[in-house]
Number of protein chains: 2
Amino acid sequence: MPPASNREAILDAYERLLVEQGERAATVEAVARAAGVSKGGLLYHFASKDELADAAIERLHRVAAECAEEATAQPDGVIEVFLRDAVKTGDPLDLALGAVQALQQSGRYPQAKPALDAVVQGWVDMLTEGLGDPVLARLVAVLGDGLYFGAAFSGGGAGIATPPASEQELDEMIAAVQQLAALRGARG
Amino acid sequence: MPPASNREAILDAYERLLVEQGERAATVEAVARAAGVSKGGLLYHFASKDELADAAIERLHRVAAECAEEATAQPDGVIEVFLRDAVKTGDPLDLALGAVQALQQSGRYPQAKPALDAVVQGWVDMLTEGLGDPVLARLVAVLGDGLYFGAAFSGGGAGIATPPASEQELDEMIAAVQQLAALRGARG
DNA sequence: GTCTATATAGCGATAGAC
DNA sequence: GTCTATCGCTATATAGAC
């Protein structure tokens, strides 16, 4: 990496604040404090709050692309890879995704929705292609959403959704879906 | 209904603003304008913004209880009833749920999370009891979450999640899950 | 490149007229 | 029961010193 100085650290702090406390808490001053710089220091790197948001969206695109590359390279079936990734919390993709989602829900950043849609569309395409069964693909995609929101929201975080499945519960659920996949003669 | 005057109208407007534009947009002034009263008029009925939030949470509890009663009285299987309800948008429960969820994600209302948890716990209990298969019950619950967020977020609304299933896609998905239920010998 | 100080605007809440 | 006017606070953003 080139210098990058505090820029990346500020973005990290911004993402964390967005995910953990929502857009409203992610004030310029709060982000600066969390990143260990002053308000003025932050505003040198990001001239406005909107530029912070744009940078978070840009990072989401980058991280999602990296993860998609890794995922398709894996030996396990698509169902297992996708559902396990859905509950993975704390990794860069989860953070970037949660951050942009917080932006979206604040209603102040119209740029957020298209970005989220693009990321999700990539997953749906991957599943449809990998399974060869559109209905099953959608079922797995929706199940992944449910797991994601369950995992994302029940932590210190926000919202509704059933608690995140334990390791064992997740295993059982994956097994059940694979049971269904076998029954329907899908790949996967 | 007794007088109720503008109180209910204000609550309606508050819920709609929360769901459609997030907590940040639901300022006292904006809510008052949307309800067709002035700021002072609103603050007569709800002495503070927190009282507005409390009233929304109270309404959620009331509406959720009503819906639970209706749901258990229905002849169809739990799977079908639950998954179809998950995508129903615009009804009072959906609105109340989305509103409290917006409150929760803003991070300013600690009262929101327990309320949401209670509502969700009611659903999980209903499914576990109705199906007699804990793994399948969790799978259906998580699937419902996925559908709910898909439906709730892809409209004018907020967030991630795959687009809401069309009528036909939903039918196919329900059929697939019932296929799995039959395979596992669960009640329907 | 990072800081302090400050201008400006918006929001929540109060006071008091009607 | 509903309105207008206004105070106090907080947040964004700018200006300019170091």
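Keep in mind that the numbers below use all heavy atoms, side chains included, and drop hydrogens, waters and symmetry copies.
Side chain to side chain, Q121(B) and D125(B) meet the donor-acceptor criterion of an N or O pair below 3.5 Å. Side-chain N/O atoms of Q179(B) and R184(A) include a donor and acceptor closer than 3.5 Å. A donor and an acceptor atom, one from each side chain of Q168(B) and E172(B), are located under 3.5 Å apart.
With dT14(D), dT2(D), dC3(C) as the choices, the nucleotide that has an atom nearest any side-chain atom of V37(A) turns out to be dC3(C). Candidate nucleotides dT12(D), dC3(C), dT2(D) were compared by shortest atom distance to the side chain of K39(A), and dT12(D) ranks first. Distance from the side chain of K49(A) is smallest for dT12(D) among the nucleotides dT2(D), dT12(D), dG12(C). In the set dG12(C), dA13(D), dT2(D), dA13(D) carries the atom at the smallest distance from any side-chain atom of S48(A).
Backbone-only contact: T27(A) has heavy atoms under 4.0 Å from sugar-phosphate atoms and none from a base.
Between the CG atom of L42(A) and the C1' atom of dT4(C) there is a distance of 15 Å, given to the nearest Å. Whole-Å rounding puts the I10(B) CD1 to dT2(D) P distance at 7 Å. One atom, NE2 of H45(B), and another, P of dG1(D), lie 7 Å apart when rounded to the nearest Å. Rounded to whole Å, atom P of dT6(D) lies 18 Å from atom CG of L43(B). In this structure, CZ of R24(A) is placed 13 Å from P of dT10(D), rounded to the nearest angstrom. What separates CG of L52(B) from P of dA13(C) is a distance of 10 Å, to the nearest Å. Whole-Å rounding puts the D50(A) CG to dA11(D) P distance at 17 Å. Atoms CZ (F46(A)) and P (dT14(D)) sit 16 Å apart, rounded to a whole Å.
Of the possible polar contacts, one joining the E169(A) side chain to the S166(A) backbone as a donor-acceptor pair under 3.5 Å is found.
The existence of a salt bridge linking R138(A) and D145(A) is excluded, since no basic side-chain nitrogen approaches an acidic carboxylate oxygen closer than 4.0 Å. By the 4.0 Å N-to-carboxylate-O rule, E80(A) lies close enough to R84(A) to be salt-bridged with it. Ion pairing between D54(B) and K49(B) fails under the 4.0 Å rule for side-chain N and carboxylate O.
Here N6(A) reaches the OP1 or OP2 of dT2(C): one of its side-chain N or O atoms lies under 4.0 Å away. Under 4.0 angstrom from either OP1 or OP2 of dG1(C) there lies at least one side-chain N or O belonging to Y44(A).
An end-to-end axis angle of 0° holds for the helix from dG1(C)-dC18(D) to dC18(C)-dG1(D), taken from five base pairs per end and rounded to 10°.
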